[in-house]
**Student:** 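Let me give you the structure first, and then I'll get to my questions.
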Amino acid sequence: MMRTPATSLLRGALRASRTTTTMIPRAAASTHAISNPTLANIEKRWEGMPQTEQAELWMSLRDRMKENWAELTSQEKKAAYWIAFGAHGPRAAAPPDEGRKVALYVAFGMFVSFAVFATIRAFGGPAPSTMTKEWQEASNEYLKNQNAEPLTGISSEGYSGKGMVQSPPKK
């Protein structure tokens, strides 16, 4: 790299731009306590509060928690804990009839699937010819002639399994 007065000037300007810090204005954390009427009975009021009011209350509590926790009032500590971990939203108690509904929907699903299965079986044709015992025994003989699965399968020495036979004899 060439060192010329122009590159030295550019390098110095670049170095100076890196060291300057940009100050971003930020709202100071709230230093005053949140009023007791705002926090009173928050467990019962939280679900009915508008979303914006919930967000404002949580943000003000969050700002207060950024400071020394010894300065928080007990009401603020209780409210912050309840908002973070209380039984609301996804942690709310399940409706009393939820188990019955689940059981009924599962039973209904089972009934529908059985009905579809029975309908398909009722209107389906006869079993294919490959599902007869005779065809499957012929398949066993073919596999033995082809020496299929010579180590542990149908072509191995001393094999005593059924092979491909799984159906009853043809009537």
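Sequential numbering from 1 along the given sequence is applied to the chain's residues. Quick note: numbers below take in every heavy atom, side chains included, and nothing from hydrogens, waters or symmetry partners.
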**Student:** Pairs of donor and acceptor atoms involving the side chains of residues 79-95, under 3.5 Å and at least two apart or interchain, shall be tabulated with distances.
**Tutor:**
unit_1, atom_1, unit_2, atom_2, d
His88, NE2, Trp82, O, 3.4
His88, NE2, Ile83, O, 3.0
Arg91, NE, Gly86, O, 2.9
Arg91, NH2, Ala84, O, 3.0

**Student:** So, do Ser167 and Gln136 sit near enough that their side-chain heavy atoms are less than 4.5 Å apart?
**Tutor:**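 In short, these two side chains touch, coming nearer than 4.5 Å.
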**Student:** Residues two or more places apart in sequence or in another chain: which of them pass salt bridge (charged side-chain N to carboxylate O under 4.0 Å, His left out) with Arg121?
**Tutor:**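 With neighbours one apart ignored, the set is empty.
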**Student:** Please say yes or no: joined through hydrophobic side-chain contacts below 4.5 Å, possibly via intermediate residues, are Tyr142 and Trp135 part of one cluster?
**Tutor:**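 No, Tyr142 and Trp135 fall in different hydrophobic clusters.
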**Student:** Going by atom types only, do Ser156 and Glu149 share a side-chain donor-acceptor pair under 3.5 Å?
**Tutor:**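 Absent: no donor and acceptor within the cut-off.
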**Student:** Under a 4.5 Å cut-off applied to non-hydrogen side-chain atoms, are Leu57 and Leu39 in contact?
**Tutor:**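 They are in contact (side-chain heavy atoms under 4.5 Å apart), so the answer is yes.
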**Student:** If you measure from CD on Glu56 to OG1 on Thr38, what distance do you get to the nearest 0.5 Å?
**Tutor:**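 Glu56 atom CD to Thr38 atom OG1 measures 10.5 Å (nearest 0.5 Å).
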**Student:** Pairs under 3.5 angstrom only: tabulate donor-acceptor contacts from the side chains of residues 102-118 to other protein residues two or more places apart or in another chain.
**Tutor:**
unit_1, atom_1, unit_2, atom_2, d
Ser113, OG, Gly109, O, 3.1
Ser113, OG, Met110, O, 2.9

**Student:** For the CH2 atom on Trp69, are there more than 12 heavy atoms of other groups (residues, nucleotides or ligands in this structure) within a distance under 6.0 Å?
**Tutor:**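 At most 12 heavy atoms, drawn from other residues, nucleotides or ligands, come within 6.0 Å of this atom.
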**Student:** Looking at side-chain heavy atoms only, is the closest gap between Glu43 and Asn41 below 4.5 Å?
**Tutor:**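 The answer is yes, as the side chains (C-beta and beyond) meet within the 4.5 Å cut-off.
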**Student:** Roughly how far, to the nearest 0.5 Å, is the CG atom of Leu151 from the CD atom of Glu157?
**Tutor:**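 One gets 11.0 Å once the value is rounded to the nearest 0.5 Å.
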**Student:** Give a yes or no on whether Val165 and Met131 share a hydrophobic cluster (residues Ile, Leu, Val, Met, Phe, Trp, Tyr; joining criterion: side-chain heavy atoms under 4.5 Å apart).
**Tutor:**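 No, it is not one cluster - the side chains of Val165 and Met131 are not joined through contacts under 4.5 Å.
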**Student:** Quick one: which residue pairs count as a salt bridge (charged side-chain N to carboxylate O under 4.0 Å, His left out) with a foot in residues 73-83, not counting sequence neighbours?
**Tutor:**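 Found Arg64-Glu76.
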**Student:** Roughly how far, to the nearest 0.5 Å, is the OG atom of Ser139 from the CD atom of Gln166?
**Tutor:**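 With rounding to 0.5 Å, CD (Gln166) is 10.0 Å from OG (Ser139).
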**Student:** Shortest non-hydrogen contact from Ile42 to Met49?
**Tutor:**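 The answer is CD1-SD, 3.9 Å.
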**Student:** Got a sec, which residues hit side chain to side chain contact (heavy atoms under 4.5 Å, CB included) with Glu134, two or more places apart in sequence or on another chain?
**Tutor:**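 Once residues adjacent in sequence are excluded, the partners of Glu134 under the side chain to side chain contact (heavy atoms under 4.5 Å, CB included) criterion are Thr132, Pro169, Lys170.
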**Student:** What closest approach, in Å, do Ser155 and Ala148 show between heavy atoms, and which atom pair accounts for it?
**Tutor:**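 Heavy atoms of Ser155 and Ala148 come nearest at OG-O, 2.8 Å.
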**Student:** List, by chain and then residue number, the residues other than Tyr159 in its hydrophobic cluster (Ile/Leu/Val/Met/Phe/Trp/Tyr, side-chain heavy atoms under 4.5 Å); write none if there are no others.
**Tutor:**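 Once heavy-atom contacts under 4.5 Å are chained together, Tyr159 belongs with Leu143, Ile154, Met164.
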**Student:** Measuring from Arg45:CZ to Gln54:CD, what's the distance to the nearest 0.5 Å?
**Tutor:**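 Between atom CZ of Arg45 and atom CD of Gln54 there are 10.5 Å.
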